[in-house]
Asker: 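Can you keep this structure in mind? I'll have questions shortly.
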Amino acid sequence: MNMMNYPLKDLAHQIRVGAVKAIHAGRSGHPGGALSIADMLAVLYFDVMNVEPGNPNWADRDRFILSKGHACPALYVVLAMRGYFPMEEALKLRKIDGFAEGHPDVRIPGIDAPSGSLGMGLSQGLGMAMGAKHLKKDFRTHVILGDGDMQEGNTWEAIMCAGHKGMDNLVAIYDANKLQGDASVKEQLDMGDVGKKVAEFGWHVINVDGHDIDALKTAFEEAKTTKGKPTFIYADTVKGKGISFMENVLMWHGSVTMTDEQLADSLAALGEV
Amino acid sequence: MALEYWNVGEEVSVRDAFGRVLVDQASEREDWVLLDADVAGGTGAKPLVGSNPDRVMQFGIAEQNMMAASAGVADTGLIPVVSTFAAFGCMRAHEQFRTAVAYAERNVKLCCSHIGVDVGPDGATAQMFEDIATMRAIPNVTVVVPADANEFMQAFKAVLDHDGPVYMRIGRSPTPVVYEANAEFKIGKANRVREGSDVTVIACGVMVARALKAAEMLEAEGISVRVVNLSTIKPIDVDEVVAAARETSGIVTAEDHNIMGGMGSAVAECLAEHHPARVKFIGIKDVFGKSGEHDELPTMFGIDADSVAAACRELAGK
């Protein structure tokens, strides 16, 4: 089914529906952080990125890395919606007879980098961006980072390096949903003004509401026209966005097993009756 | 200009070979880049920085970023040759190598200097005794430890031709050249550098020259020692290891690495499965290193030619 002309808002909604269905089917997974990135994934895959789902390893494609790999149910669903593989595969999340691994694996069509261990995604994206410059290719690389990624030292090494090298073909999108595994970010390891720190390392920083589709589109446009600097889109988001009883509730970080009733409640909360 | 080799018997640091083969391969092929973390002077890569600066990606002192980035560079089709000291490349960036490089089967070549007591005066923090153990435990990874400068250059060319992640050791201290120019190197193929019928020494790296020295000493005593250079530790050459067990009365393994988990362990795993044999392990005995000269430390740590000879005598029962 070609969904390319669907409104992005509807596509984001479909990502949320698919993600909770996959997590329910997989009997474990991380709904909170999957729901917070649904809007940015819709914009990236249906508006921003130049990809060919029929040729997932096309050398000149735009790259995407989900550094917060635990949110992959949303990514598998958007890849299925974009036509990389049938939706049934996304719904075989974490199953022994499927390929939708518990965390992203490059053997899955459309997955450009492994993740699941936080803090490595931005470096891998930086490497792709450096390879592109070396080979004089124009593809762009996008990396979604979570709060946990921002606490890993490896991410800051990549921020320092990308800023130093002025990698304007690299975009980081920070899904700042403010909750992490066991408590709030403020309680566990408050990082202060992340945007200010990243800007000091030579990045162009854009602040957006991470659930405002138009604001996200504008931010990616601005990133594309920004020269000599990598772009950091600081996306203020709500963990569990779209399912009222999950929003800003820590237990839905995951990894949770969703009962049939919880799935029904989730779909109802999303307006799917 | 043709690649120049050294003469057998010359004492040459393997890192000189690294620099030489990098410059040579930069003119031979366009498909690789060097990733450095501000230690090109130490690893031996410096000549490339002078000859082909456009082929060097500099990361500063941030090895985790360099290693994970190498996976991304490989995704674009380039072959990243990642080079730093083993303590940083193998240990600090171990998880980046495991997850970003090896799990994704990225075509990354990790070439690390500062291994074993071969490091000398820098002392324990730089003397890496754990790299062979930790790198060979990662799936999809080939582990290569060349014996001398000439073999390193041959091995490096084969490694560039090989598709998949590889870890290579680069020695620092002057090491006797054992191989002639242009000797054939095949990944996965052990090399019998001396025939013998009583005992076999299976060695890698700097220990190959010491094993040959021990074999000469023992010849005078009437003990015939075979020496096998196991320069590819993974995948291991099962046939050559089993042949040694079948045809000689015991095996001495010799490496400048902890005896726990290293080349000797790989040999023992192979023998236990295919042809149980008597084995004596020459290596670092599960201790940290210390400062000293490269020609003093092997004796202190029991990995000099005399130590190899003593182990051979025990197995030969003579």
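Every chain is numbered from 1, with letters handed out A, B, ... down the list of sequences. As the structure is a computational prediction, the values presented were derived from the model and not from experiment.
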Asker: Give the member of Leu122(A), Leu126(A), Ile111(A), Asn154(A) that has the highest number of heavy-atom pairs under 4.5 Å with chain B.
Answerer: Asn154(A)

Asker: Are Phe59(B) and His164(A) close enough that some pair of their side-chain heavy atoms sits under 4.5 Å apart?
Answerer: no

Asker: Are Val106(A) and Tyr103(B) packed together at the side-chain level, in the sense that at least one heavy-atom pair is separated by less than 4.5 angstrom?
Answerer: no

Asker: Relative to chain B, which segment of Asp112(A) carries a heavy atom at a distance below 4.5 Å: side chain, backbone, both, or neither?
Answerer: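 For Asp112(A), the contact with chain B is made by the backbone alone.
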
Asker: If you count the non-hydrogen atoms of other residues, nucleotides and ligands that lie under 6.0 Å from CZ in Arg27(A), is the total more than 12?
Answerer: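 Result for CZ/Arg27(A): open.
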
Asker: With a 4.5 angstrom heavy-atom cut-off, is it the side chain or the backbone of Thr99(B) that approaches chain A, or both, or neither?
Answerer: both

Asker: Between CE of Met57(B) and NZ of Lys165(A), what distance do you get to the nearest 0.5 Å?
Answerer: 8.0 Å

Asker: Counting only heavy atoms not in Lys196(A), do more than 12 fall under 6.0 Å of its NZ?
Answerer: no

Asker: Do Gln64(B) and Glu152(A) touch side chain to side chain, with heavy atoms closer than 4.5 Å?
Answerer: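 Not touching, per the 4.5 Å side-chain cut-off.
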
Asker: How long is the span from the CE atom in Met160(A) to the CG atom in Asn65(B), to the nearest 0.5 Å?
Answerer: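 Those atoms lie 8.0 Å apart.
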
Asker: Highest number of heavy-atom pairs under 4.5 Å with chain B: which of Pro114(A), Ala132(A), Gly121(A), Ala129(A)?
Answerer: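 Top count of heavy-atom pairs under 4.5 Å with chain B: Pro114(A).
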
Asker: Does Arg98(B) have more than 12 heavy atoms from other residues, nucleotides or ligands lying within 6.0 Å of its CZ?
Answerer: no

Asker: Does any non-hydrogen side-chain atom of Ser117(A) lie less than 4.5 Å from one of Glu95(B)?
Answerer: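 A side-chain contact exists here, since the closest heavy-atom pair is under 4.5 Å.
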
Asker: Has Asp161(B) got more than 12 heavy atoms of other residues, nucleotides or ligands less than 6.0 Å from its CG?
Answerer: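 Counting neighbours around CG of Asp161(B), more than 12 heavy atoms of other residues, nucleotides or ligands fall under 6.0 Å, so yes.
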
Asker: More than 12 foreign heavy atoms under 6.0 Å from NZ of Lys46(B): is that the case here?
Answerer: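 12 or below, so no.
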
Asker: For Asp163(B), is the CG atom crowded, meaning more than 12 foreign heavy atoms sit under 6.0 Å from it?
Answerer: no

Asker: Which atoms of Glu63(B) come close to chain A, meaning under 4.5 Å heavy atom to heavy atom: side chain ones, backbone ones, both, or neither?
Answerer: backbone

Asker: If we define contacts as heavy-atom pairs under 4.5 Å, which of Met66(B), Arg55(B), Gln58(B), Met67(B) has the most with chain A?
Answerer: Gln58(B)

Asker: Just how far is it from atom OG1 of Thr141(A) to atom CG of Asp75(B), taken to the nearest 0.5 Å?
Answerer: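 Going from the OG1 atom of Thr141(A) to the CG atom of Asp75(B) covers 8.0 Å.
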
Asker: Please indicate whether Arg92(B) has more than 12 foreign heavy atoms, meaning atoms of other residues, nucleotides or ligands, lying under 6.0 Å from its CZ.
Answerer: no

Asker: Mind ranking Glu157(A), Met130(A), Met120(A) by heavy-atom pairs under 4.5 Å with chain B and telling me who comes out on top?
Answerer: Glu157(A)

Asker: Counting only heavy atoms closer than 4.5 Å, note whether Ala71(B) contacts chain A via side chain, backbone, both or neither.
Answerer: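 Answer is side chain: those atoms of Ala71(B) sit under 4.5 Å from chain A.
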
Asker: Count the heavy-atom pairs under 4.5 Å between each of Gly131(A), Ala59(A), Ser123(A) and chain B, then report the option with the highest count.
Answerer: Ser123(A)

